Amino acid sequence: MTVSGSTPERDGSRLDTGLPSGAVDEETAARGNVYALVAAAFTEPSQGLYERFADGSLDDAVATLVERSGLDVDPPDLTVEDDRETLAARYNDLFVVGYSEVIDGTDGTVENQGPPVSLYESTYRSEVSWNDVNLDLARAYEHFGCEIGGEERRHHDHARLELEFAGYLCRLAAAGDATAGGDSTDAAEPANLDRARLDFHDRHLSVLASGLRSALDDEPGTSVYGRLSRFLDAFVAADIDELAVRLDAGVGGEREHATSGGPNGGERP
């Protein structure tokens, strides 16, 4: 995703626990960096990212930012003992590689299955179409001056893109930047950005986070990715609760686009 402002490098080779230049709201800035780091962690581990998993620096960075975020969430254990090949194989087995099974040997009928865990929000949205989910996200990205970069080959509802966008909204709000890219200066006012963040969480990120957590909970051997998904679900829920209280927006059931928190409307455990 191409956005105004910087994010931690895509391969995780540089972990930025600092705050954006000119940050007014340090807690919101820290939340933005948490989302950016989680976005980087949910990618196939390059050598740089793997080293940050293995040497504990990713773990330390996230823990530092969670402490600064003002949210009562336990940081995850993100240190791994696997070698890079094992961690990459685990990532691909969970998120990338599907399988084919011959279900009728007489005519060669084959059933194709996707990966066990989807990184796409629409997978967890049985009540709305893929097109509606992605169109809504495309409009949100465009409204705030964001676009998917030319080398990206992901749909708008991919976890990495949604997390990067959540981080971007946090950084805008933290800086109090009313001059950010987008089609409305009013929309970039800090109070309106907080409302936009809550709406985005309600409509999209909370569904994705709870869906990922539930899907990974059902799989064996998820290692760091299971821990990361449980943390993300808790962090998004805490961010929503704080925003709703601060904006006097009401509890989940009172907000127009709030979900009950689980995939396909299921409850969080």
Side-chain angles (χ1 to χ4, degrees), residues 1-9 14-42 58 60-76 137 140-141 143-146 159-182 184-209 228 231-252 255 257-258 261:
M1 174 175 289
T2 302
V3 297
S4 300
S6 61
T7 61
E9 289 183 14
R14 178 177 62 85
L15 299 179
D16 182 7
T17 60
L19 300 176
S21 176
V24 175
D25 183 343
E26 295 187 357
E27 291 184 349
T28 301
R31 295 178 204 183
N33 278 6
V34 168
Y35 288 125
L37 288 182
V38 174
F42 268 121
L58 180 61
D60 290 343
V62 173
T64 297
L65 290 166
V66 170
E67 183 177 0
R68 295 177 179 178
S69 73
L71 300 178
D72 185 15
V73 180
D74 292 331
L137 285 164
Y141 297 164
H143 184 72
F144 286 98
C146 303
R160 176 147 197 168
L161 298 180
E162 291 199 20
L163 287 163
E164 288 181 351
F165 183 65
Y168 178 60
L169 291 181
C170 284
R171 289 190 297 278
L172 290 183
D177 187 359
T179 64
S184 172
T185 299
D186 290 341
E189 293 289 346
N192 290 330
L193 284 164
D194 284 341
R195 293 186 181 92
R197 289 174 55 215
L198 180 59
D199 186 64
F200 177 70
H201 284 345
D202 277 344
R203 295 170 72 102
H204 295 288
L205 193 57
S206 64
V207 180
L208 175 62
L228 185 63
F231 163 73
L232 175 63
D233 192 35
F235 191 82
V236 172
D239 199 8
I240 287 173
D241 288 345
E242 192 278 332
L243 282 167
V245 169
R246 177 148 49 93
L247 296 171
D248 194 23
V251 297
R255 300 194 303 276
H257 299 295

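Since we're looking at a predicted model, the values are computed, not measured. Here, residue 1 is the first one in the sequence, and each next residue gets the next number.
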Chemist: Identify the heavy atoms of Leu198 and Ala244 that sit nearest to each other, and give their distance.
Modeler: CD2-CA, 4.1 Å
Chemist: For a quick test of reading the model, state the closest non-hydrogen atom pair linking Gly32 to Arg171 and the distance between them.
Modeler: O-NH1, 3.9 Å
Chemist: Looking at every non-hydrogen atom in both residues, tell me the closest pair between Pro76 and Val62 and how far apart they are.
Modeler: CD-CG1, 3.9 Å
Chemist: How far does OH of Tyr168 sit from CZ of Phe144, to the nearest 0.5 angstrom?
Modeler: 9.0 Å
Chemist: Return the CG to CG distance between Asp233 and Leu228, rounded to the nearest 0.5 Å.
Modeler: 11.5 Å
Chemist: Minimum heavy-atom separation for Ala140 to Phe165, with atom names?
Modeler: O-CZ, 3.7 Å
Chemist: Which residues pass the side chain to side chain donor-acceptor pair (under 3.5 Å) test with Thr28, sequence neighbours left out?
Modeler: Asp25
Chemist: Of the non-hydrogen atoms in Asp74 and Phe231, which two are nearest, and what is the gap between them?
Modeler: O-CD1, 3.5 Å
Chemist: If you measure from CG on Leu205 to CG on Leu137, what distance do you get to the nearest 0.5 Å?
Modeler: 10.0 Å
Chemist: Identify the two heavy atoms, one from Ala39 and one from Glu164, that lie closest to each other, and give their separation to 0.1 Å.
Modeler: CB-CG, 3.9 Å
Chemist: Hey, could you give me the CG/SG distance between Asn33 and Cys170, rounded to the nearest 0.5 Å?
Modeler: 9.0 Å
Chemist: Would you be so kind as to tabulate the donor-acceptor pairs closer than 3.5 Å made by side chains of residues 234-243, with sequence neighbours excluded?
Modeler:
residue, atom, partner, partner atom, Å
Asp239, OD1, Arg31, NH1, 2.8
Asp239, OD1, Arg197, NH2, 3.0
Asp239, OD2, Tyr35, OH, 2.8
Asp239, OD2, Arg197, NH2, 3.2
Asp239, OD2, His201, NE2, 3.0
Glu242, OE1, Arg31, NH1, 3.0
Glu242, OE1, Arg246, NH2, 2.9
Glu242, OE2, Arg246, NE, 2.8

